[in-house]
Number of protein chains: 2
Amino acid sequence: MTASRVLREEGGYSEKTRQKVMAQVDALGYLPNRLATVFSGDQRSTFIGVSIPELGNEVFAQVLEGIDRKLGTFGYQSVLGLTQHTMEEEESWIRTVLSWQPAGLILTGRYHSARATEMLRNAGLPVVEIWDLNSSPLDMSVGLDHFDSGFDMGRYLISLGYESVGYVGTSHDVANAATERLDGFCKAVEGAGGTVVKQLCLHDTATYYPGFYGTEQLLAGRRDIDCIYYQNDAMAFGGLQYCTARGLDVPRDIGIAGWGDLPIASVMRKRLTSCHVSHLKLGQKAAELMMARLTNEPVPNCVDIGFRLIPGSTVRNMAI
Amino acid sequence: MTASRVLREEGGYSEKTRQKVMAQVDALGYLPNRLATVFSGDQRSTFIGVSIPELGNEVFAQVLEGIDRKLGTFGYQSVLGLTQHTMEEEESWIRTVLSWQPAGLILTGRYHSARATEMLRNAGLPVVEIWDLNSSPLDMSVGLDHFDSGFDMGRYLISLGYESVGYVGTSHDVANAATERLDGFCKAVEGAGGTVVKQLCLHDTATYYPGFYGTEQLLAGRRDIDCIYYQNDAMAFGGLQYCTARGLDVPRDIGIAGWGDLPIASVMRKRLTSCHVSHLKLGQKAAELMMARLTNEPVPNCVDIGFRLIPGSTVRNMAI
DNA sequence: CACCGTTGAGTTACCCGTAACGTTCCGTTA
DNA sequence: TAACGGAACGTTACGGGTAACTCAACGGTG
């Protein structure tokens, strides 16, 4: 007991005793067992469960980096869960991670299985839903309006005189942010007199090479597509390379637009038309909300981190 | 007690009792507290501490993805630690994570502080050191010989007729894999009659833009450099873009070589000369060794996952 | 010198799941 | 019917840290 007091620097012991305790700690290489502390219910754990769809997509890796670095400064640890974009994986991960009594959870996306939602409510933990902006979150939410970001891009492209646009992305069983961007995009294009003449949703990962061959499929046998919107920058880079390889001049023959503003864009002489989102900041903000909630500070339940359209030079720079 | 038996499907209860227990579990939304199980010492936890330098570098994100996916299939969870390439961060993270009684640790790199090493020995847990190949690991090791990979690249470049090569990378206070690649590279170049005329180690992150401006610095005021070796592909891409922007023809005027073979390379019409490493596989292998050790299977203490030189087209394709 | 407050240190009980052991209630068999 | 054995279920104790409490020693005060 006295040792416990010394280690917690709680006071109520003499200097001589402190020395004796510390000497034993050094001699034994003693490390306190935090499990016991949390288990006894006196304190919360310093685990935060963090579910992320995948890390192959750079943007999610950046979000996680933002989260973990910020949590680290508060002495908290991330317990990772990669859900591969499925609610089943997420549900099973939530069940497991809750049994470890985490202090809170950070989840990607606003769509969760009914059972997952129920478990989260029962657990009564702080939960931050990130990525999608969610005006009625389970608890807290940090993200951006993906519909709006797609809408803005659609309106922008039409304003440049594009008329027949295509889309290349990937498909998942559940609604997600990418489909919201596509919805916003289509609405803007059609509202402004353009047409989304073809949408391609590949059963593949949303990375470089699928962007390449997806573009080939999209353009196969048609000459009417004057601009392509991609699910993200990686696919757009793939598409850009495909077009270049095929001898198409970008942006003269065809326009290319992505989403996410990958770091590699900063060195390309032809700036990719995209939408900038501060992924690192998103993660940090999510961690900050979590920490604020855990210290009982007042917390907004919904934070919009916004986005910024990058005009770039892979689309025309004025209406023709 | 009977409830415990039912939930563990241990047997020794009637079907009627089972139904009653399960009904209560559903009604209460009961989730077992795994902390108690582990705490009582009857079982190990299913945490694996995973320390990674950063996630901004795509290769480490891929390694982590490989680790976490594989651990997930065994019902284990990663507790993440981002060390920012410093031994101090690693040591403090190790101290914290050990207090959570993890089943094992996976650490990046072979260099750890003396105190960290001591804690790891005291803890007596399975430890996998990844990234560097480590013939005398603390416990187990999965990686590749970075010296050799740098050596092979050096020899390859000289065999193509390059004579005065430069290097662009970043510096850290501790020795790491990148410095080993550079050592191997220099040794090969000098052993084959070439010269490493300038080495630039930036105080920055090893990403695209530092590769861009680092190349500018490297080439400032000199005409003798005929080839540049970069710490990784991201920096090499940055350098490639700088050279192109400045009107240099790659590979006619200057050769460019990177390391890591990033996914984006798969769509570039000009294949980056690099060194392929299966980062995902490295992570999976590390997780597999950990699981094998935890189930008392015989485990090799050192696994070389190898590398493959990618000739690419950012260097000459034959000696001149 | 009796009394009291303070400081330092020890004791007890609790958290929850489960190993180990104990008890009850059957049905079966000689 | 007594004896026995196994199935089903209950009780106790433990793990490590700490809140809450108790106790001992000591110095100061009237």
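To find a chain, count down the sequence lines: A is the first, B the second, and so on, and within it residues start at 1.
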Considering only heavy atoms, which members of residues 10-32 of chain B lie under 4.0 Å from some atom of DNA chain D?
-> B:G12, B:Y13, B:S14, B:T17
Any luck finding a side-chain donor-acceptor pair between A:T96 and B:Q77 under 3.5 Å?
-> no
Audit row: B:T170, B:D204, side chain to side chain donor-acceptor pair (under 3.5 Å) steps and yes/no = CA-CA 6 Å; B:T170 61; B:D204 206 332; over 6 Å; no
B:M1 CE to D:dC14 P: how many Å, rounded?
-> 16 Å
Atom CZ of B:F39 and atom C1' of D:dT18 are separated, to the nearest Å, by 11 Å
A:S45 side-chain N/O to A:F47 backbone N/O, donor-acceptor pair under 3.5 Å = yes
Whole-Å distance between D:dG17 P and B:L35 CG?
-> 13 Å
Does a donor on one side chain and an acceptor on the other come within less than 3.5 Å for A:E91 and A:S113?
-> yes
Heavy-atom nearest nucleotide on DNA chain D taken for B:T37 and for A:L7; more 5' hit belongs to B:T37
Are B:R115 and B:E118 ion-paired here, with the side-chain N under 4.0 Å from a carboxylate O?
-> no
Distance-only donor-acceptor test (3.5 Å): side chain B:R5, base D:dG10 = yes
Where chain A begins and ends its contact with DNA chain C, read 5' to 3' at 4.0 Å from heavy atoms = C:dG8 to C:dC16
Indicate whether any N or O donor in one side chain lies under 3.5 Å from an N or O acceptor in the other, for B:E288 and B:Q284.
-> no
Quick one: do the A:E58 and A:H279 side chains pair a donor with an acceptor below 3.5 Å?
-> no
Charged N to carboxylate O below 4.0 Å: is that the case for B:R69 and A:E54?
-> no
